[in-house]
Amino acid sequence: MDLYEHQARELFEEHGILVPRAEVTDSPKEARAIARRLGGRVVVKAQVKTGGRGKAGGVALAADPAAAELTARRILGMDIKGHTVGKVMLAQPVDIESEFYVGYVLDRAAGRFLAIASAEGGMDIEEVAASRPEAVARVPVDPAVGVTSAKATEIAEAAGLPPETVDVLVRLWGVLTREDAVLVEVNPLVRTARGQILALDGKVTLDDNARFRQTRWGEQEATHDDPLEAAAAAKGLNYVKLDGEVGIIGNGAGLVMSTLDVVAGGGARPAPGPHRSSYRPTYLRRRSPAPYSSRTTSRLLTSTAPARTASAYRWEGRS
């Protein structure tokens with residue numbers, strides 16, 4: 001279950017991670033009022049479960065409340081990678097000195113978590129990971145031990161982060177473990193001109209198996225962009241949209257993946273089909289819209305050039 005940015009920020013704030021003041025609305029007129037409450041000059045951000053909002057025009061600076069209303073009116077209803085913007089978040093702008101990337105993701109293949117961090121965060125983190133993967137540190141985390149101050153210091157030093165980020169890394173691990181998350185990501189985590197460390201943007205993916213403990217987010221968060229996926233979910237099925245010609249119906253992810261291998265081995269391409277399982281085959285990719293939390297993280301994980309790690313560990317899984 002993916003959370004919206006404003007929900008991720010709510011969790012960060014609850015766990016002691018500093019975030020700028022912000023409010024959410026689905027009304028351009030209310031956006032004007034919010035901007036007035038926040039001091040006039042605000043950043044207007046589309047609330048959608050996908051990356052690349054900034055480059056798509058879904059993040060803009062508004063100089064005053066009137067501009068905030070106009071900007072919100074432009075962004076609301078915008079299509080970003082197949083996601084329609086229904087709400088915007090207005091946040092106080094920050095005087096940024098440095099941008100970092102930090103996150104934790106579940107490494108199913110290794111049976112533990114992986115810390116990913118870089119001293120070069122921001123919108124271009126994917127390009128950084130592709131062109132200079134050594135700038136991205138990947139440090140394995142034993143879930144039985146977790147991220148202590150010592151481990152957080154190890155992660156920060158591996159990534160070239162300032163010492164002030166150690167506390168944030170510890171608190172971010174708390175978000176992951178206490179909120180049933182399989183992924184938490186802050187990009188960018190910034191140091192302001194006044195020396196504060198703030199989380200400007202965040203992504204959180206919760207474990208679907210923990211929905212019974214995460215009722216605060218409501219059932220409406222289980223959204224489906226494809227009507228066929230929604231219809232399948234209503235019948236207790238998982239539907240994965242593919243481009244092939246051979247339909248597959250399976251009972252469990254293992255059987256589905258084995259069948260996919262057999263079909264592909266015979267020279268055919270798998271087509272959509274439902275299966276009864278709480279897990280989707282991890283190497284299947286849905287067509288657009290892209291999954292909310294996997295694109296940036298998967299590119300950081302799958303860089304093949306040597307990375308600055310605290311050990312010889314290297315991610316070998318599939319996203």
Side-chain angles (χ1 to χ4, degrees), residues 8-9 12 15-19 51 54 94 96-107 109-110 112-143 145-177 181-193 195-205 293-317 319:
R9 285 168 45 98
F12 295 162
H15 288 266
I17 299 172
L18 297 180
V19 297
V94 173
I96 299 173
E97 181 181 272
S98 305
E99 293 185 326
F100 316 115
Y101 174 98
V102 296
Y104 299 109
V105 63
L106 176 61
D107 178 355
R112 56 188 174 185
F113 284 88
L114 189 67
I116 309 174
S118 175
E120 302 180 38
M123 287 196 301
D124 297 324
I125 184 64
E126 293 179 19
E127 286 72 14
V128 170
S131 60
R132 292 185 301 103
E134 70 279 0
V136 179
R138 304 168 185 84
V139 181
V141 177
D142 184 343
V145 178
V147 177
T148 61
S149 293
K151 189 67 175 181
T153 300
E154 177 187 354
I155 296 167
E157 291 178 349
L161 303 180
E164 304 95 304
T165 61
V166 169
D167 181 64
V168 174
L169 288 167
V170 173
R171 293 178 183 276
L172 195 64
W173 177 257
V175 174
L176 184 137
T177 55
V182 292
L183 177 143
V184 293
E185 173 185 287
V186 180
N187 184 40
L189 178 72
V190 305
R191 179 169 56 194
T192 69
Q196 283 186 307
I197 301 295
L198 300 177
L200 292 198
D201 195 353
K203 295 179 181 178
V204 174
T205 299
S293 59
S294 66
R295 183 170 180 262
T296 297
T297 308
S298 64
R299 291 195 178 187
L300 297 182
L301 288 172
T302 55
S303 300
T304 56
R308 294 196 302 184
T309 62
S311 71
Y313 176 85
R314 184 166 68 88
W315 173 264
E316 296 289 353
S319 60

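Side-chain atoms are counted along with the backbone in the values below, which use heavy atoms only and exclude waters and symmetry mates.
Heavy atoms only, all atoms of each residue included: P133 and R138 are closest at O-NH1, 3.7 Å. Considering all non-hydrogen atoms of both residues, L172 and V102 come closest at CD2-CG2, 4.0 Å. Heavy-atom minimum distance, E120 versus I125: O-CD1, 3.4 Å. Closest approach of K151 to P140, counting heavy atoms only: NZ-O, 3.0 Å. Closest of all the heavy-atom pairs between A181 and V175 is CB-O, 4.5 Å.
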Please tabulate, one pair per line, all N/O donor-acceptor pairs under 3.5 Å involving side-chain atoms of residues 158-169, not counting sequence neighbours.
{"unit_1": "T165", "atom_1": "OG1", "unit_2": "P162", "atom_2": "O", "d": "2.7"}
{"unit_1": "D167", "atom_1": "OD1", "unit_2": "R171", "atom_2": "NE", "d": "3.4"}
{"unit_1": "D167", "atom_1": "OD2", "unit_2": "R171", "atom_2": "NE", "d": "2.8"}

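N187 contributes atom CG, which lies 12.0 Å from atom CZ of F100 (distance to the nearest 0.5 angstrom). Atoms CD1 and CZ, from I17 and R9 in turn, are 11.5 Å apart once rounded to the nearest 0.5 Å. Here the CD atom belonging to E154 is positioned 13.0 Å from the OG atom belonging to S149, to the nearest 0.5 angstrom. Atom OG in S118 sits 11.5 Å away from atom CG in L189 (nearest 0.5 Å).
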Using the side chain to side chain contact (heavy atoms under 4.5 Å, CB included) rule, take V141 and W173 through it: C-alpha gap first, then chi angles, then the decisive distance, then the call. CA-CA 10 Å; V141 177; W173 177 257; 3.7 Å; yes
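Residues L200 and I96 have side chains in contact (heavy-atom distance under 4.5 Å, counting atoms from C-beta outward). Annotation: side chain of V204 is in contact with side chain of F12 (closest heavy-atom distance under 4.5 Å). Counting heavy atoms from C-beta outward, I155 and Y104 have side chains that approach closer than 4.5 Å. Using a 4.5 Å heavy-atom threshold, the side chains of V136 and I116 count as touching.
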